[in-house]
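Below: one structure, written as structure tokens.
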Amino acid sequence: MQFSTLARRCAGLAVGVSLLIAGTSAHAADPIPVRVGVSADAGGVGFFIADKKGYFKEEGLAVSFVSFDSAAKMIAPLGAGQLEVGAGSPSAGLYNAVTRGIHIKIVADKGSTPPGFGFQPLLVRKDLVDSGRYKSLKDLKGMKIAGSAPGSGSTSTLNEALKKGGLKYSDVERVFLAFPQHVLALQNKAVDAAMTTEPSATKAVQSGAAVRVMGDDEIYPNHQLSVVLYSGGFINNNPDAAKRFMRAYLRATRDYNDALKDGRLAGPGAEDVIAILTAYTNVKDPAVYRAMHLQFCNPDGAVYEPSLKNDLAFFKEQGDVKGNVTVDDVLDTSFAAAAVKELGVYRKK
């Protein structure tokens, strides 16, 4: 009798311990929420692939996407801790935020323009090309040219184009519109030219409104067009999750690189990537993605620092950035480096 009672007590204790352990394990296994700012365009391909293929989930992360019509609008939520991750142009707004003491870091490449990757081309209205009004870059003088926002990467790209034509930034009139609005502005002749991104560029050309006169891979080779941003809170409060996010992201960019051929989605796995893009973005026609000139996403996450320094110098020259902020103040390559150490250096299949 005494043995039975003791056995029952021990059994009860064992069950209690088991439940306690199970509860602790379940808590440890709870996915970590990560809010990611995105624009619903092809530039977010690395995030979208990682989500669709379950790479974030495998890392124990519950990623949710928050849509923005402009990457510049992600800066304030990142600084306020409302986003853990953001993405977009390394703009004047980013540097100004850092001068105000807001802790945001560039942690990886998200899109750049080595030769063959003309993601952000210069478009000129077709009627101006047909009439001979536009023949070369010097003919941009006096034109109304659309861009995304003052102090954005597109402004620096246009500046490089104007320099190639012997012109100054002040020789043209800027009109700032969201990229999708560039197509309508060209069609309505509200602007003469546009420095725009895909898929708006392909749509404008396919509509007959514009001619692609030069890719930004020719205008500004290796331009660091967009980057992955981490909030200070994500870096400081959950560095392990930040490392895991980077691991998942780089796995996805490697899938993307495998699917590329000659700067387009025409390699192994391309149709899978196109299907993901049509599911996650506002462009639902797969043919558009097959026709697009795409951005390069560095599969090891490396950021091209000379481009960042050139852009920052231009922003300061234009008065868009004030203060002594430097590229080093906003750059943290440790997360990408740690991920590559675990994944190995990328080798194209």
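Any value given below was found using the heavy atoms of this structure, including those in side chains, with hydrogens, waters and symmetry copies removed.
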Task: Single-linkage hydrophobic cluster Val63~Leu229, side-chain heavy atoms < 4.5 angstrom - done: no
Open item on the list: Distance check, rounded to the nearest 0.5 Å: Thr253 atom OG1 versus Phe296 atom CZ?
Closed with: 8.5 Å
Open item on the list: Once rounded to the nearest 0.5 Å, what's the spacing between atom NZ of Lys203 and atom CG of Leu184?
Closed with: 12.0 Å
Task: His182 and Phe179 aromatic ring geometry - parallel, tilted or perpendicular at 30°/60° bounds - done: perpendicular
Task: Flag side-chain contact, heavy atom, 4.5 Å: Tyr289 against Val273 - done: no
Open item on the list: Parallel, tilted or perpendicular, judged at 30° and 60°: which one describes the rings of Phe234 and Tyr230?
Closed with: perpendicular
Open item on the list: So does Ile145 get a backbone contact from the side chain of Arg174, meaning a donor-acceptor N/O pair under 3.5 Å?
Closed with: yes
Task: Student check: side-chain heavy atoms of Pro31 and Lys57 closer than 4.5 Å - done: no
- [ ] Please confirm whether the backbone N or O of Gly153 pairs with a side-chain atom of Ser89, one donor and one acceptor, at under 3.5 Å?
- [x] yes
- [ ] Please test Asp311 against Ser156 for side chain to side chain donor-acceptor pair (under 3.5 Å), starting from the C-alpha separation and ending with a verdict.
- [x] CA-CA 6 Å; Asp311 285 2; Ser156 186; 2.6 Å; yes
TODO: Using a strict 4.0 Å threshold on nitrogen-to-oxygen distance, state whether Glu58 and Arg251 make a salt bridge.
DONE: yes
Open item on the list: With a 6.0 Å cut-off (strictly less than), is the heavy-atom count around NZ of Lys341, excluding the residue itself, greater than 12?
Closed with: no
Open item on the list: If we ignore hydrogens and angles and just use 3.5 Å, is the side chain of Asn310 paired with the main-chain N or O of Pro306 as donor and acceptor?
Closed with: no
Open item on the list: Determine whether Glu198 and Leu294 satisfy the following criterion, side chain to side chain contact (heavy atoms under 4.5 Å, CB included), listing intermediate values before the conclusion.
Closed with: CA-CA 7 Å; Glu198 295 285 13; Leu294 293 161; 5.8 Å; no
Task: Sidechain-backbone polar pair: Arg35 side chain, Gly81 backbone, donor-acceptor under 3.5 Å - done: yes
Task: Heavy atoms of other groups near Asn324 CG, more than 12 under 6.0 Å - done: no
Open item on the list: I need the Leu61 CG to Asp51 CG distance, nearest 0.5 Å.
Closed with: 11.0 Å
Open item on the list: Has Thr202 got a side-chain atom pairing as donor or acceptor with Pro199's backbone, closer than 3.5 angstrom?
Closed with: no
- [ ] Let me see the working for Val345 and Val340 under side chain to side chain contact (heavy atoms under 4.5 Å, CB included), right down to the final yes or no.
- [x] CA-CA 6 Å; Val345 175; Val340 171; 4.1 Å; yes
- [ ] Check whether any side-chain N or O of Glu84 sits under 3.5 Å from a backbone N or O of Val34 as a donor-acceptor pair, and report yes or no.
- [x] no
Task: Donor-acceptor pair, side chain of Ser231 and main chain of Ile104, under 3.5 angstrom - done: no
Open item on the list: Evaluate Met214 against Leu137 for side chain to side chain contact (heavy atoms under 4.5 Å, CB included), listing each step before the verdict.
Closed with: CA-CA 9 Å; Met214 189 175 290; Leu137 292 173; 4.0 Å; yes
Task: Side chain proximity check, Arg247 to Glu342, heavy atoms < 4.5 angstrom - done: yes
Open item on the list: How long is the straight-line distance from NE2 of His223 back to OH of Tyr304, given to the nearest 0.5 Å?
Closed with: 11.5 Å
TODO: Would you confirm whether Arg133, through its side chain, and Asp139, through its main-chain N or O, come within 3.5 Å as a donor-acceptor pair?
DONE: yes
Open item on the list: Is there a side-chain contact between Tyr249 and Lys110 in this structure, where contact means two heavy atoms from C-beta onward sitting under 4.5 Å apart?
Closed with: yes
Open item on the list: I'd like to know if Val183 and Met143 are part of one continuous hydrophobic network [Ile/Leu/Val/Met/Phe/Trp/Tyr, side-chain heavy atoms within less than 4.5 Å].
Closed with: no
- [ ] Determine, for Lys53 against Asp272, whether the closest basic-nitrogen to carboxylate-oxygen distance falls under 4.0 angstrom.
- [x] no
Task: Cluster overlap Ile274 with Phe117, hydrophobic side-chain contacts below 4.5 Å - done: yes
Open item on the list: Given 3.5 Å as the limit, does a donor-acceptor pair link the side chain of Asp332 with the main chain of Lys105, or not?
Closed with: no
Could you tabulate the donor-acceptor pairs under 3.5 Å formed by side-chain atoms of residues 119-130, not counting sequence neighbours?
unit_1 : atom_1 : unit_2 : atom_2 : d
Gln120 : NE2    : Thr157 : OG1    : 2.9
Arg125 : NE     : Asp127 : OD1    : 2.9
Arg125 : NH1    : Val191 : O      : 3.1
Arg125 : NH1    : Asp192 : OD1    : 3.0
Arg125 : NH2    : Asp127 : OD2    : 2.9
Lys126 : NZ     : Asp130 : OD2    : 2.9

Report, one line per pair, each donor and acceptor closer than 3.5 Å where one atom sits in a side chain of residues 38-49; sequence neighbours left out.
unit_1 : atom_1 : unit_2 : atom_2 : d
Ser39  : OG     : Phe68  : O      : 3.3
Asp41  : OD1    : Gly43  : N      : 2.9

TODO: Verify, without hydrogens or angle tests, whether Asp300 (side chain) and Tyr346 (backbone) share a donor-acceptor contact under 3.5 angstrom.
DONE: yes
Task: Euclidean distance, Asp217 CG relative to Gln295 CD, rounded to 0.5 Å - done: 12.5 Å
TODO: Report the C-alpha separation of Leu343 and Leu250 in whole Å, then their side-chain angles, then the decisive distance to 0.1 Å, and conclude whether the side chain to side chain contact (heavy atoms under 4.5 Å, CB included) test is met.
DONE: CA-CA 9 Å; Leu343 298 172; Leu250 290 189; 4.0 Å; yes
TODO: Decide, yes or no, whether a salt bridge links Lys348 with Asp258 under the criterion of side-chain N to carboxylate O below 4.0 Å.
DONE: no
Task: Cluster link Ile235 to Phe56, ILVMFWY, side chain under 4.5 Å - done: yes
Open item on the list: Do Phe335 and Val330 sit in one hydrophobic cluster, given that two such residues count as connected whenever their side-chain heavy atoms are within less than 4.5 Å of each other, even indirectly?
Closed with: no
Task: Between CD1 on residue Ile75 and CD1 on residue Ile102, distance to nearest 0.5 Å - done: 8.5 Å
Task: Any Phe176 side-chain heavy atom under 4.5 Å of Ser148 side chain - done: no
Open item on the list: If you count every heavy atom of other residues, nucleotides or ligands that lies below 6.0 Å from Lys316 atom NZ, does the total exceed 12?
Closed with: yes
Open item on the list: Do the side chains of Arg244 and Asp240 get close enough for a salt bridge, i.e. N-O under 4.0 angstrom?
Closed with: yes
